[in-house]
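Quick notes on the structure that follows.
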Amino acid sequence: MACNTSISLKEKQEYLKKGKQITQATFKELSGNLMQQMKLGGPSQAVPFCNLQALPIANQISKKFDVTIKRTSNKLRNPKNSPNKREAEIIKQYQILLEKDKELLPIVEVGSDNMKHYYAPIKLNTKCLACHGELRKKLSVKTDSLIKSLYPNDMAINYKKGDFRGIWSIEFKN
Ligand code: HEC
């Protein structure tokens, strides 16, 4: 039987800190690269870049920190980012909190796999809206068709600034 499904407060704080560092580093790397591409060639350059580089960049940082970094959502763009069962439950929990106007805080827990996991909400800022915003307002028809050509089942549009977009999910190897 799994015994260490609980975690001490001290350990929890340690992993909350690590999780935050890792998600910040990943966000910085992803959005830094993305904004550079946006400056160079707008969405028509940044979308294909994201298509090719988002997962490799996350994998590279995963290796560096010896973790698995994932971004997932209830409204997916890339089906490769689909939530597992626990991630879907966490997303649901955050949605319930949002409905109640409660703050969304990061979560550290030991999973059924006996590994430590970190989850945290992802919200959109204005810079995200060029590719995830309201169609014909922030998101142009041109960019949307480009996105749909790469992701025919894209659901990740029509968001507004500050909206809940999904979660970070980090699995620690130790
Ligand atoms: C230049 C267009 C562009 C911008 C700007 C952009 N994204 Fe994305 N986003 C994409 C693409 C393309 C993907 C699919 C990446 C992949 O193939 O893994 C994606 C995927 C995601 C995912 C993974 C889940 C999924 O649906 O596949 C999250 C979370 C996400 N974006 C959040 C954001 C946030 C937050 C911002 C702003 C800080 C942002 N995006 C800005 C194009 C963009």
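Every value quoted in this text rests on a predicted model; they were computed, and no experiment measured them. Note that ligands are numbered from 1 as they come in the structure, with each ligand's atoms numbered from 1 the same way.
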Side chain, backbone, both or neither: which applies to [X] and ligand 1 if a contact is any heavy-atom pair less than 4.0 Å apart?
X	value
Asn81	side chain
Ile147	neither
Lys127	backbone

Looking at Tyr159, I'd like to know if the NZ or CZ of Lys75 sits under 6.0 Å from its six-membered ring centre while staying within 45 degrees of the ring's axis. yes
Against heavy atoms of [X], which atoms of ligand 1 measure under 4.0 Å?
X	answer
Ala46	1 (C)
Ile122	29 (C), 35 (C)
Cys128	34 (C), 35 (C), 36 (C), 37 (C), 38 (C), 39 (C), 41 (C)
Phe27	38 (C)

Identify, for [atom], the protein heavy atom at the shortest distance, and state residue, atom and that distance.
atom	answer
atom 30 (C) of ligand 1	Arg71 NH1, 3.3 Å
atom 13 (C) of ligand 1	Arg77 CD, 3.4 Å
atom 33 (C) of ligand 1	His132 NE2, 3.6 Å

Contact (N/O only, under 3.5 Å) between Ser73 and ligand 1: no
Any N or O of Lys123 closer than 3.5 Å to N or O of ligand 1: no
Are Tyr15 and Phe172 an aromatic pair by the rule of ring centers under 6.0 Å? yes
Step by step, work out the side chain to side chain contact (heavy atoms under 4.5 Å, CB included) result for Ile122 and Phe164. CA-CA 6 Å; Ile122 299 175; Phe164 173 70; over 6 Å; no
Pairing donors with acceptors under 3.5 angstrom, does anything connect the side chains of Lys173 and Thr68? yes
Is there a donor-acceptor contact under 3.5 Å linking the side chains of Thr23 and Thr26? no
For ligand 1, is there an atom lying under 4.0 Å from some heavy atom of Tyr151? yes
Tell me whether the count of non-hydrogen atoms from other residues, nucleotides or ligands lying under 6.0 Å of NZ in Lys70 goes above 12. yes
Is there a side chain to side chain donor-acceptor pair (under 3.5 Å) between Glu87 and Thr72 once you walk through the steps? CA-CA 8 Å; Glu87 288 163 347; Thr72 183; 4.6 Å; no
Among Met38, Gln37, Gln36, Lys39, the one residue meeting side chain to side chain contact (heavy atoms under 4.5 Å, CB included) with Gln45: Gln37
Hey, is the main chain of Asn78 close enough, under 3.5 Å, to the side chain of Asp154 for a donor-acceptor pair? no
So that I can check it, does any N, O or S atom in Cys131 come closer than 2.8 Å to atom 8 (Fe) of ligand 1? no
